[in-house]
Amino acid sequence: MAITLTDEGDYFGGQETALEALRFLDVNNEKHYSYLSSDLNNLGISTYQLKDYEKAIYFYELAIKYSRDSSASKIYLNNIARAYQDQKEYSKAISLYKRVLKEEKKNSSSYARTLTNYAQAMWLSNPNYDPLVQYAEAYYIRAAMKDLWGLNSSYARLSDYYEKNNRDSSLYYAHKQYTVAKQINSGDDQIKALERLIKVVRSDSVTFYFNQYKLINDSIQQARAAAKNQFALIRYEVEKNKADNLRLEKENVEKQNRLVRQRAITGASIFLLLLAACGGTLWYKRRKQRLELEAENKVKETQLHLSKKVHDVVANDIYHVMTEVEYRDDLDREVLLDKLEIIYNQSRDISHNVEQRPTVEVPYNEQISTLLKPYGTSDRRISIVGIDAEQWVDVSKRIKEEIKHVLQEFMVNMKKHSEAERVVVRIEKSDQQLKIFYKDNGVGLPAERPQGKGMANTVSRIESLGGGIIFVSEPGEGLSITVNIPLI
């Protein structure tokens, strides 16, 4: 519709309809590119005819951007050059014409068109330039091809060329243009030919050509007025169909909603009865399953808690006392009995879920030192770094208690399996993070030995604090452990 309106001379209508067409084309869909380039070129043509050359150039350049047809792209370049030419920016126009001429196939209608435009731009930019050779070359190409539209252009250029220095030749070519313009049924070109005839014809013939001019001009204006309204009925029918479709869709939705409501009311009673019958049974079964599951989880939780308590409080403490008995020659018998009594009371209180608490609060760094040093011997050196008292001031009691169990498990595991001669334990605190680094030069963790209960409990403890633990070991290369615990 936009192209038809532009061809009919309704440039505002062509412009408006072309812009509307752009709403239906997707710049991200390559299948739409041919339509986009065609529509944008038409926008350029209609805008050019309305003398807005800058905007016309903008639309032509967009048409080239989306064009995938080299022939079409050259036409768009030629159109840009024409716009520059009409702006009297001849150097830009000539540069583009030269570019197109290099790419065009000689003896083609496109070549003839560009050659004619190039010659005219050269002549307009330099009155001393003679365009006749190029005009003639283009004319012979068009005559051989019987290109009437092209001949119409050649006759117009030749009539303008001879207007000042050979009025008879100018009159001859103006007559030729008028004849061809009638053949191709181009009202605009007939008007332009008559304008040329009026300029160069003898005075006794001016009235005849002027009357012809007026008659054709009136006819063109009527045609353009008709062109503006030729799609009005189509637009009306489209909009009417849209409105009718929307109304029918609305009525269908309302009917469907009524049917749904009626079915819902009909089935509601049956559904409520079924719900009442099935709901009670289902609720009872689910409640029974939930209670059984809760009871089972409580039993498992209790078992896990007791298992950790037995391992941490009884097994590791007894192993600690055994280590002191084995390696300390100066062990006080009374102190040993006191420790065994504490272990006895703690094991007895496990069944009552009572945690034994020391009556005298020993500084935590001393507790750590006391815990780790007994594992050192004449053949095994234990190095402890970073357990200063002020480091533990704002660490929660729970974290400190868990760290003791973790370190004790490291020591027990080392003594049982590692055969290490050097052990380093380093503790750091920074950026609300507590980090424990353990390193020994023992045999490492054999790949074939599964993780023991103690180490599994250790991993569980760290994760319960929101932290993480990493084991790095190669058989025969020792064991490295990194623990990271957030303090927030």
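Keep in mind it's a predicted model, so treat the numbers as computed, not measured.
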**Q** Does any non-hydrogen side-chain atom of Leu101 lie less than 4.5 Å from one of Leu115?
**A**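 The answer is yes; the side chains approach within 4.5 Å.
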
**Q** Using a strict threshold of under 4.0 Å (side-chain N to carboxylate O), is an ion pair present between Lys192 and Asp160?
**A**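 Looking at Lys192 together with Asp160, the answer is no, because their closest N to O distance does not fall below 4.0 Å.
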
**Q** For the residue pair Arg142 / Ser154, report whether a side-chain donor-acceptor contact shorter than 3.5 Å exists.
**A**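 Per modelled atom types, Ser154 and Arg142 side chains form a pair under 3.5 Å.
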
**Q** Taking atom types as modelled and ignoring hydrogens, do the side chains of Ser67 and Ser73 form a donor-acceptor contact shorter than 3.5 angstrom?
**A**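 A donor-acceptor contact under 3.5 Å links the two side chains.
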
**Q** Within this structure, what is the CD1-OH distance for the pair Ile57 and Tyr84, rounded to the nearest 0.5 Å?
**A**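 Nearest 0.5 Å value for the CD1-OH distance: 4.5 Å.
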
**Q** Would you give the length of the straight line joining atom CG of Asn252 to atom CD of Gln256, rounded to the nearest 0.5 angstrom?
**A**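 It is 6.5 Å, given to the nearest 0.5 Å.
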
**Q** In terms of the angle between their ring planes, are Tyr155 and Tyr139 parallel, tilted or perpendicular, with boundaries placed at 30° and 60°?
**A**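 Rings of Tyr155 and Tyr139: tilted, as their planes differ by 30° to 60°.
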
**Q** Just one of Thr458, Leu465, Ile436, Val459 clears the side-chain contact (heavy atoms from CB on, under 4.5 Å) bar with Val483, so which one?
**A**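 Only one option passes, and that is Ile436.
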
**Q** Do Ser159 and Ser170 have a side chain donor and acceptor closer than 3.5 Å?
**A**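 Ser159 vs Ser170: donor-acceptor pair found between side chains.
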
**Q** Do Tyr90 and Met122 touch side chain to side chain, with heavy atoms closer than 4.5 Å?
**A**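 No - every pair of side-chain heavy atoms lies 4.5 Å or more apart.
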
**Q** Show the nearest heavy-atom pair for residues Asn152 and Ala181, with the distance to one decimal.
**A**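 Smallest interatomic distance, heavy atoms only, reads OD1-CB, 3.9 Å.
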
**Q** Taking atom NZ as the centre, does Lys65 end up with more than 12 heavy-atom neighbours from other residues, nucleotides or ligands that are less than 6.0 angstrom away?
**A**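 No, not enclosed.
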
**Q** According to the interplanar angle, ranging from 0 to 90°, do the rings of Tyr35 and His32 count as parallel (below 30°), tilted (30 to 60°) or perpendicular (above 60°)?
**A**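 Perpendicular.
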
**Q** Any non-hydrogen side-chain atom of Ile94 less than 4.5 Å from a side-chain atom of Leu96?
**A**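 No; the side chains remain at least 4.5 Å from each other.
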
**Q** So does Gly14 get a backbone contact from the side chain of Thr17, meaning a donor-acceptor N/O pair under 3.5 Å?
**A**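 Side chain of Thr17 to backbone of Gly14, a donor-acceptor pair under 3.5 Å: no, none is there.
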
**Q** What are the two closest non-hydrogen atoms of Tyr135 and Thr116, and how far apart are they?
**A**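 Minimum heavy-atom contact is CE2-O, 3.7 Å.
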
**Q** Can you measure from CG (Asp244) to CD (Glu249) and round to the nearest 0.5 angstrom?
**A**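 So the CG of Asp244 and the CD of Glu249 are separated by 11.0 Å.
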
**Q** Can you name the closest pair of heavy atoms from Ala193 and Ala174 and give their distance?
**A**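 Heavy atoms of Ala193 and Ala174 come nearest at CB-O, 4.0 Å.
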
**Q** Pair Phe59, Asn41 - check side chain to side chain contact (heavy atoms under 4.5 Å, CB included), show working.
**A** CA-CA 6 Å; Phe59 288 130; Asn41 180 59; over 6 Å; no

**Q** Give the C-alpha distance, both sets of side-chain angles, the deciding distance and a yes or no for side chain to side chain contact (heavy atoms under 4.5 Å, CB included) between Asp189 and Trp149.
**A** CA-CA 10 Å; Asp189 286 302; Trp149 282 96; 3.7 Å; yes

**Q** For Tyr76 and Ile80: C-alpha separation, side-chain torsions, deciding distance, then whether side chain to side chain contact (heavy atoms under 4.5 Å, CB included) applies.
**A** CA-CA 6 Å; Tyr76 305 155; Ile80 293 174; 5.5 Å; no

**Q** Tyr33 and Asp26: side-chain donor and acceptor closer than 3.5 Å?
**A**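 No.
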
**Q** Kindly say whether Ser110 contributes a backbone atom to a donor-acceptor pair with the side chain of Thr114 at under 3.5 angstrom?
**A**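 The answer is yes, because a donor-acceptor pair under 3.5 Å joins these two groups.
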
**Q** Regarding Glu251 and Arg247, does a basic nitrogen lie under 4.0 Å from an acidic carboxylate oxygen?
**A**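 Yes.
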
**Q** For Gln87 and Glu54, test the side chains for any donor-to-acceptor distance below 3.5 angstrom and give the result as yes or no.
**A**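 Yes, because at least one side-chain N or O of Gln87 sits under 3.5 Å from a partner of the opposite role on Glu54.
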
**Q** Atom CD of Gln120 and atom OG of Ser153: how far apart are they, to the nearest 0.5 Å?
**A**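 The distance works out to 8.0 Å.
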
**Q** For Gln212 and Tyr178, does a side-chain donor sit closer than 3.5 Å to a side-chain acceptor?
**A**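 On atom types as modelled, these side chains qualify, holding a pair under 3.5 Å.
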
**Q** Step by step, work out the side chain to side chain contact (heavy atoms under 4.5 Å, CB included) result for Tyr11 and Tyr48.
**A** CA-CA 9 Å; Tyr11 303 124; Tyr48 170 86; over 6 Å; no

**Q** Please determine, by modelled atom types, if Tyr97 and Gln85 share a side-chain donor-acceptor pair under 3.5 angstrom.
**A**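 Yes, because at least one side-chain N or O of Tyr97 sits under 3.5 Å from a partner of the opposite role on Gln85.
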
**Q** Is it the case that atom CG in Asp431 sees more than 12 heavy atoms from other parts of the structure closer than 6.0 Å?
**A**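 Result for CG/Asp431: open.
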
**Q** So Asp147 and Leu151, do their side chains get closer than 4.5 Å, heavy atoms only?
**A**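 They are not in contact (no side-chain heavy atoms under 4.5 Å apart), so the answer is no.
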
**Q** What distance separates Ser109 OG from Glu104 CD, expressed to the nearest 0.5 Å?
**A**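 Atom-to-atom, Ser109:OG and Glu104:CD are 8.0 Å apart.
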
**Q** Does Leu171 reach the side chain of His175, with side-chain heavy atoms less than 4.5 Å apart?
**A**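 Yes, close enough: below the 4.5 Å cut-off.
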
**Q** At their closest point, which heavy atom of Leu434 faces which heavy atom of Lys429, and how far apart are they?
**A**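 That would be CD1-CB, 3.9 Å.
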
**Q** Do the side chains of Leu22 and Val27 get nearer than 4.5 Å, heavy atoms only?
**A**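 The answer is no; the side chains never approach within 4.5 Å.
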
**Q** Please determine, by modelled atom types, if Gln433 and Asn484 share a side-chain donor-acceptor pair under 3.5 angstrom.
**A**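 Result is yes, a qualifying pair exists.
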
**Q** Gln15 and Thr47: side chain to side chain donor-acceptor pair (under 3.5 Å), yes or no, with the steps?
**A** CA-CA 7 Å; Gln15 201 176 56; Thr47 307; 2.9 Å; yes

**Q** Looking only at heavy atoms, what is the nearest atom pair of Leu479 and Ser473, with distance?
**A**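 So the minimum-distance heavy-atom pair works out to CD1-CB, 3.7 Å.
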
**Q** May I ask you to decide if Glu428's main-chain N or O and Gln391's side chain share a donor-acceptor pair within less than 3.5 Å?
**A**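 Checked: no pair found.
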
**Q** Could you check whether Lys176 makes a cation-pi contact with Tyr173, meaning its NZ or CZ is under 6.0 Å from the centre of the six-membered ring and within 45° of the ring axis?
**A**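 Here Lys176 fails the 6.0 Å and 45° test against Tyr173.
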
**Q** Would the number of heavy atoms belonging to other residues, nucleotides or ligands and lying under 6.0 Å from CZ of Arg202 be above 12?
**A**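 For Arg202, atom CZ is not crowded (no more than 12 foreign heavy atoms under 6.0 Å).
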
**Q** Which distance, rounded to the nearest 0.5 Å, do you find between the OG of Ser34 and the CG of Asp39?
**A**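 That separation rounds to 11.0 Å.
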
**Q** Keeping to residues at least two apart or across chains, list the salt bridge (charged side-chain N to carboxylate O under 4.0 Å, His left out) pairs with something in residues 76-96.
**A**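 Checked against salt bridge (charged side-chain N to carboxylate O under 4.0 Å, His left out) - neighbours excluded - the pairs reaching residues 76-96 are Glu89-Lys92.
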
**Q** Indicate whether the side chain of Thr6 and that of Asn42 have a donor and an acceptor atom separated by less than 3.5 Å.
**A**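 Yes, Asn42 and Thr6 have a side-chain donor paired with an acceptor closer than 3.5 Å.
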
**Q** Using the ring centroid of each side chain, check whether Tyr438 and Phe410 are separated by less than 6.0 Å.
**A**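 Between Tyr438 and Phe410, the centre distance is under 6.0 Å.
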
**Q** Could you tell me whether Tyr129 and Trp123 have their ring centroids closer than 6.0 angstrom?
**A**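 Not close enough - the centres of the two rings lie 6.0 Å or further apart.
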
**Q** Taking C-beta and beyond as the side chain, do Tyr172 and Asn166 meet within less than 4.5 Å on heavy atoms?
**A**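 Of all side-chain heavy-atom pairs linking Asn166 with Tyr172, none is under 4.5 Å.
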
**Q** Looking only at non-hydrogen atoms, find the nearest pair between Ala119 and Gln134 and report the distance.
**A**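 Where Ala119 meets Gln134 most closely, the heavy atoms are CB-CB, 3.5 Å.
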
**Q** Quick one: are Phe471 and Ile469 in side-chain contact, heavy atoms under 4.5 Å?
**A**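 Side-chain contact under 4.5 Å: yes.
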
**Q** Side chain to side chain donor-acceptor pair (under 3.5 Å) between Glu195 and Tyr209: does it pass, once the steps are laid out?
**A** CA-CA 8 Å; Glu195 287 175 348; Tyr209 288 119; over 6 Å; no

